[in-house]
There are 2 protein chains.
Amino acid sequence: MTDTERARSTKGERTRRRIIDAAGALFARSGYRAVSLRDIAARAGLTHAGVLHHFPDKEATLLHVLRRRDEIDALPVLGPGIGHRELIDHLVRIVDRNSRTPGAVALYVHLSAEATDPAHPAHPYFLDRYRSLRALLVPAFAALLDGRPDPSPETAARQFIALQDGLQVQWLLDPDAVDMRAAVVAFLRSLGIAAPDRHPPDAPAPTTGTAPTPDERSV
Amino acid sequence: MTDTERARSTKGERTRRRIIDAAGALFARSGYRAVSLRDIAARAGLTHAGVLHHFPDKEATLLHVLRRRDEIDALPVLGPGIGHRELIDHLVRIVDRNSRTPGAVALYVHLSAEATDPAHPAHPYFLDRYRSLRALLVPAFAALLDGRPDPSPETAARQFIALQDGLQVQWLLDPDAVDMRAAVVAFLRSLGIAAPDRHPPDAPAPTTGTAPTPDERSV
DNA sequence: ATCAGAACCTACCAGGTGGTCACTTTGTGA
DNA sequence: TCACAAAGTGACCACCTGGTAGGTTCTGAT
């Protein structure tokens, strides 16, 4: 069976990837329910039966799209051991990058709204996503807000996440009118938390920041 | 033709209302695209052909639902002449009431996400909605933030709206875990704006709540 | 060069979609 | 009371949905 596996790891893997890329792009445009297997198949250059050869059903397609996006942003890569400032800086940098990748943003806006329905296949995913994001943010805010009790770290974390989700909707509706980064940075300043510099990656800035990962997403 | 009109204003009007009520409830559960005319018809006690006798097509149904919701919240009723404090108080009160009416919240969460797509029938509606909400909020924040320049009134308005939209998603995913009012009030406090009292309307007792207004929605 | 298994397609299924049409039933103003 | 418009129906349309069955073509390790 080792031969089998090696064989599968060539062409099959490649079209499998084309399929989830296509699915991701389409889910971003219109959400999960409004996209058909034939739409996905057409964009990937197959028949819808071809898609179902690689994935058991439509739902599996969605789950793979989400899994792949998680690999791309690799938020967990930061791990719980990361410094609080680094975490916030990293998240602000993600906001920045999102402003250049409407696709990823649209995907999450559509899916998080749909997934509100407990019967939606992505419902557990988003429950877990928000839970673990909060678990990451609460200690960070606890440290950065130290002393001041007013917004509790829990509240600050929830506000921070909510702010970004809400900004994304307004931004998608009218991209030129909304500066997501500015709004997020202003929020942090209101809490007495300094904002990271404008464009740490690239040439002149003080910090060297991380390498140019392909693209990132919504938080 | 006056006779005709008077006749129409009785039974027709009544089932017309039943239809948009049914449509509103279903759109709230699952969004616009996932709900069929037959679903709406069944809930309203008709055939789907009957629904299409009253509305030219499915889209008209959605537009009427939105128009009706606007009448209910009657945000414009406040008018531009309202006091700044009164406006903020009113909005916070709406947040409060939303916490008791998941249907209205879910309607807007679903639709605002779907309407991100420029081809969606509600796209112009939401563009206008955010625009006019901002037009109402910017002067209010300009006054209440007076002096302090840090969050510009424009930014504060955008944050305020985004915060609520984002909170609604988290709240729908896990209603018991999220206190939308607390998060909004804390945000205002961070800007140095006092929060309105807990339950201004009605008796001082913690329970009993407000009068049984049908329901209200999201801001 | 072979040949097993992966990749993929055509054809089909039952069921759902928005919308139309010709028709019957019901309500109501005169 | 009556006539006529409004309300509502059932049958139908073409089309799309996710999923299956059975077959053909391709691929790549031997």
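We name chains A, B, ... by the order of the sequence lines, and we start the count at 1 in each one. Please read these numbers as outputs of a predicted model, since none were measured by experiment.
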Practice problem: Have a look at A:V51 and say if it touches a base, only the backbone sugar-phosphate, or nothing, with a 4.0 Å heavy-atom cut-off. | Solution: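 Answer is nothing: A:V51 stays at 4.0 Å or more from every strand.
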To the nearest Å, how far apart are [X] [atom1] and [N] [atom2]?
X     : N      : atom1 : atom2 : answer
A:L46 : C:dC9  : CG    : P     : 5 Å
B:L37 : D:dT9  : CG    : C1'   : 16 Å
B:F55 : D:dA7  : CZ    : C1'   : 13 Å
B:K58 : D:dC15 : NZ    : P     : 19 Å
B:R16 : D:dA7  : CZ    : P     : 7 Å
B:H48 : C:dT17 : NE2   : P     : 10 Å
B:L52 : C:dG19 : CG    : C1'   : 6 Å
B:K11 : C:dG29 : NZ    : C1'   : 17 Å

Just N and O in the side chain of [X]: are any of them under 4.0 Å from OP1 or OP2 of [N]?
X     : N      : answer
B:T47 : D:dG8  : no
B:H54 : D:dA6  : no
B:S36 : C:dT17 : yes
A:T15 : C:dC8  : yes
B:T10 : C:dT28 : yes

Quiz item: What are the two closest heavy atoms between B:L172 and B:A106, and how far apart are they?
Solution: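 Closest heavy-atom pair between B:L172 and B:A106: CD1-CA, 3.7 Å.
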Quiz item: If we ignore angles and hydrogens, is there a donor and acceptor under 3.5 Å between the side chains of B:H54 and B:T15?
Solution: yes
Quiz item: Under 3.5 Å, is there a donor-acceptor pair linking the side chains of B:S36 and B:D39?
Solution: yes
Practice problem: Look at the side chain of B:D57 and decide which nucleotide, out of C:dG19, C:dG18, D:dG10, has an atom nearest to it. | Solution: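 Taking heavy atoms from C-beta onward, the closest nucleotide is C:dG19.
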Quiz item: Does a salt bridge link A:R33 with A:D117, judged by any charged N lying under 4.0 Å from a carboxylate O?
Solution: yes
Quiz item: Do A:R131 and A:D128 sit within salt-bridge range, that is, some charged N less than 4.0 Å from a carboxylate O?
Solution: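 Salt bridge between A:R131 and A:D128, a charged N being under 4.0 Å from a carboxylate O: yes.
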Self-check item: Residue whose closest nucleotide on DNA chain C lies nearer the 5' end, A:R38 versus A:H53
Solution: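 So the residue in question is A:H53.
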